[in-house]
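When reading the values below, keep in mind they use all heavy atoms of this one structure, side chains included, and skip hydrogens, waters and symmetry mates.
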Amino acid sequence: MANRKLKIRDLTLRDGQQSLFATRLSQAEIDKLLPYYENAGFYIMEVWGGAVPDSVMRYLDESPWNRLRSVSKVMKGKSLLSALSRGRNLFGYVPYPNSVLEGFYKEAIANGLNVMRIFDALNDIDNVRDSIKMINTLGGIPDGAVCYTVDPKAEAPEAPKGFFARLFGKKPAEPEKIFTDEYFVDKARQMEALGAKIITLKDMAGLVSPLRAASIISKLKAALTVPVDFHTHCTPGYGLASSVMAILHGVDILDTNIWWFGGGSAAPAIELVYLFAKRMDVELDVDMKAVGEIRNRLLDARHSLKAFDLNADRMPRAFDPLADTLPAEIEAQLDRAVAAARANDEDTLLEACHAIEAYFGFPKPNLLVKDAEVPGGMYSNMVAQLKSLGAEDLLDDAMRLIPMVRRDAGLVPLVTPTSQIVGSQAVSVALDRKKGNPDYSNPSNQFIALVKGEYGHTPVPVDPAFREKITGSPVETPYDVNSYRKPENPALPDLGGKPLATNKEEELLLELLPSVANGFLRRRRTEEYEASRPAAAEVKEEAAAQDEAPITGETIKAPMGGRVIEVNVKAGDTFTKGKTLLVYEAMKMENDVTAPRDGVVKRVFVRPDQIVGTDAVLIEFE
């Protein structure tokens, strides 16, 4: 008989598909899976939040609210439903005032959400304080997530010149250790004191080594009274072994994915966790037979995502832990791994786990990600974004620049949104260097806000001189909630005069993700307008005239490919130096294009929602 039970949070429908398949799992595919989830007995199912609200609108043209409602309707409360939230940033890239937070949490809980996992990318407790309180007040379960990160590696010093200098020269001092076990435990204690009902050690980059997992989980269990959850990824090769250590040291809840959506840059597969738990006299508090029913149908879902599957040609071999017999050498590796975990033999534990994963065909550890110490999702996003820019050759340069950008920005943990902010800025600096421009010639709006202090207090202070270089002032300036401006909800005269957002849910989408929601909601209003018109009516669309006259004036070009969000000027407008002429989005970061001098607009070559390439001409001046 097992000594204890381990609760499982299934990530398959949210973090699993986000980590492996760019959050492209459609509602139709999810609907096929949900009936088999009903009786699986997962303690929690993560089905929402993270990139889901943005991606389902941006790429699938689906409603995030409908996704949450559909899951809630089928599950009938048999598993708690959870979402991932970025604290004061929710799902966007800017801090929101409490009125927006409360409105969103209230609507989410009313639509079936139970658990809101709340983290802050800077581990700034002030940024999660109000969210924890609101969710408790509204009847939800606040799950406080402490973001794991590591201290930067010591930089290699310049080689001393001369024999005696090499012989007697002083070694550079090791940088101060910031991210100690006590750092994470202290953050967890503060979250519990604020009212968090679960504490998660959130290892978004998969950088928690087995011995570090043992150390931190043990200390969290000793310091807290609420359940402790462990969330990790397998990207650099630690995930499975560290999960084994977390189980051994008393973790209450473990985050896993189901087979076809596990491993690689995602969390470990529950089937492998089950094999280890049996050997440690721990019972997974789930119905593994029901999990098998989901697994059998999940393969079709993965096939539907082939276009986004980086491992489509080397998927893991099929496996049923309840029915299949393992070869003797793999049984021996499982026993060897458990013995090594109990002996704190990290090297042997990792070696055995890697052999097991290799046998089943899961991806090998990504050593580039391990050495660069970045989340796998951040890495895959950078690959995709550089490919879209036609600049794949800059990947290694951009990866090498990440530690520098991270230090300059206050040693921030790399988790959304800071991972995207730092990653895109590293790409931008790599482009600067390729063009012979100074570093940080094109800081994104979000990087400027991060360095300024608008995202909160960074783990270490930003150098005032660097802050002045990026923001124009050396003074740290927090976000002023009084400056928040609710996005306009305009009437659409070309679509019958209806407002863009027609109910509270749509208004919240417009507030949280204005750039993406604008296009999504306009498509809904267009559908409604077309459906209301007589069948015989025809719409004649006038093609926009193309001005093919040669460009003779001074121009502004896009420093990086992206999408135009708003255009603030038209032909004939006068402008002054520094005026924001347009805003465009590149790598999910917004960039203001400002006037280099006073002048008059001759031509505007772009419109909102238009995709532009690097160095595309945006505006011509007279």
Side-chain angles (χ1 to χ4, degrees), residues 2-20 33-34 36-50 71 74-75 77-84 113-117 141 143 145 197-203 206 208 213 217 220-221 226-234 239-263 266-298 319-322 362:
N3 292 330
R4 66 184 177 93
K5 288 189 175 183
L6 174 67
K7 296 184 186 315
I8 297 293
R9 183 188 316 233
D10 177 70
L11 306 175
T12 305
L13 301 183
R14 206 288 298 173
D15 193 61
Q17 61 135 336
Q18 180 174 321
S19 297
L20 294 174
L33 298 168
L34 286 176
Y36 303 98
Y37 264 98
E38 184 181 349
N39 297 311
F42 289 113
Y43 178 54
I44 302 173
M45 289 169 53
E46 187 177 80
V47 297
W48 214 53
V71 178
V74 174
M75 291 308 299
K78 294 184 179 180
S79 291
L80 297 174
L81 304 183
S82 73
L84 181 67
L113 190 72
N114 307 110
V115 180
M116 180 61 76
R117 177 179 276 171
I141 300 170
D143 171 6
K197 298 298 188 292
I198 300 171
I199 293 294
T200 295
L201 178 62
K202 179 176 170 58
D203 177 25
V208 175
I217 295 297
L220 288 174
K221 287 292 295 176
V226 298
V228 175
D229 187 318
F230 181 49
H231 173 99
T232 191
H233 293 248
C234 298
L240 180 60
S242 294
S243 294
V244 171
M245 275 298 208
I247 297 170
L248 194 62
H249 289 270
V251 78
D252 301 290
I253 309 165
L254 185 67
D255 290 11
T256 66
N257 289 296
I258 298 174
W259 197 253
W260 303 110
F261 279 45
I270 188 174
E271 291 84 355
L272 294 185
V273 171
Y274 171 78
L275 295 177
F276 279 107
K278 282 179 63 179
R279 285 165 168 76
M280 293 188 286
D281 294 322
V282 173
E283 179 185 348
L284 299 194
D285 196 10
V286 295
D287 184 335
M288 288 301 292
K289 185 176 180 181
V291 169
E293 293 288 335
I294 303 169
R295 181 176 60 251
N296 292 338
R297 288 154 182 86
L298 204 59
F319 175 62
D320 182 351
L322 299 182
F362 286 102

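Separating the CG atom in Asn114 from the CG atom in Leu81 is a distance of 5.0 Å, to the nearest 0.5 Å. Rounded to the nearest 0.5 Å, atoms CD1 (Ile8) and OG1 (Thr256) are 4.5 Å apart. To the nearest 0.5 Å, atoms OG1 (Thr12) and CZ (Phe261) are separated by 7.5 Å. Taken from CG in Leu84 to NE2 in His231, the straight-line distance is 7.5 Å, to the nearest 0.5 Å. Remark: Ile294 CD1 to Leu13 CG distance equals 8.0 Å, nearest 0.5 Å. Here Thr232 contributes atom OG1 and Leu201 contributes atom CG; the two are 8.0 Å apart, rounded to the nearest 0.5 Å.
Leu6 is not listed as a side-chain neighbour of Glu283, based on a closest heavy-atom distance of 4.5 Å or more. Side chains of Ile253 and Phe230 form no contact here, defined as non-hydrogen atoms less than 4.5 Å apart. Looking only at side-chain heavy atoms (C-beta outward), Ser82 and Val47 stay at 4.5 Å or farther from each other. A heavy-atom distance below 4.5 Å is not found between the side chains of Lys5 and Leu284. Residues Val291 and Ile258 meet the side-chain proximity criterion, which asks for heavy atoms closer than 4.5 Å. Looking only at side-chain heavy atoms (C-beta outward), Ile44 and Lys7 stay at 4.5 Å or farther from each other. Here the side chains of Trp259 and Asp320 are not in contact, with every heavy-atom distance at 4.5 Å or above. Side-chain contact between Val115 and Arg9 is present, with heavy atoms from C-beta onward closer than 4.5 Å.
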Salt bridge (Lys or Arg N to Asp or Glu O under 4.0 Å) evaluation trace for Glu271 with Arg295: CA-CA 10 Å; Glu271 291 84 355; Arg295 181 176 60 251; 2.9 Å; yes

Salt bridge (Lys or Arg N to Asp or Glu O under 4.0 Å) between Lys197 and Asp143, intermediate numbers included: CA-CA 6 Å; Lys197 298 298 188 292; Asp143 171 6; over 6 Å; no

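Here the closest heavy-atom approach between residue Ile270 and residue Met288 is recorded as CD1-SD, 4.2 Å. Residues Met45 and Val71 approach most closely at CE-CG1, 4.4 Å, considering heavy atoms. Closest non-hydrogen pair, Ser79 versus Gly41, comes out as OG-C, 4.3 Å. When all heavy atoms of Val282 and Ile247 are compared, the closest pair comes out as CG2-CG2, 4.0 Å. In this structure, Leu20 and Gly263 approach most closely via the heavy-atom pair CD2-O, 3.8 Å. Minimum interatomic distance between Ala83 and Gly49 (heavy atoms only, all atoms of both residues): CB-N, 3.9 Å.
Two rings, from Phe319 and Trp260, have their centers 6.0 Å or more apart.
Both tests hold for Arg297 against Tyr36: distance to the six-membered ring centre under 6.0 Å, angle to the ring axis within 45°.
Among residues two or more places apart in sequence or in another chain, the salt bridge (charged side-chain N to carboxylate O under 4.0 Å, His left out) test is passed with Lys289 by none. Residues satisfying the salt bridge (charged side-chain N to carboxylate O under 4.0 Å, His left out) test with Arg14, not counting sequence neighbours, are Glu46.
A salt bridge links Lys221 with Asp252: the distance from a Lys NZ or Arg NE/NH1/NH2 to an Asp or Glu carboxylate oxygen falls below 4.0 Å. Of the charged side-chain nitrogens involved, none lies within less than 4.0 Å of a carboxylate oxygen, so that Asp15 and Arg117 do not count as a salt-bridged pair.
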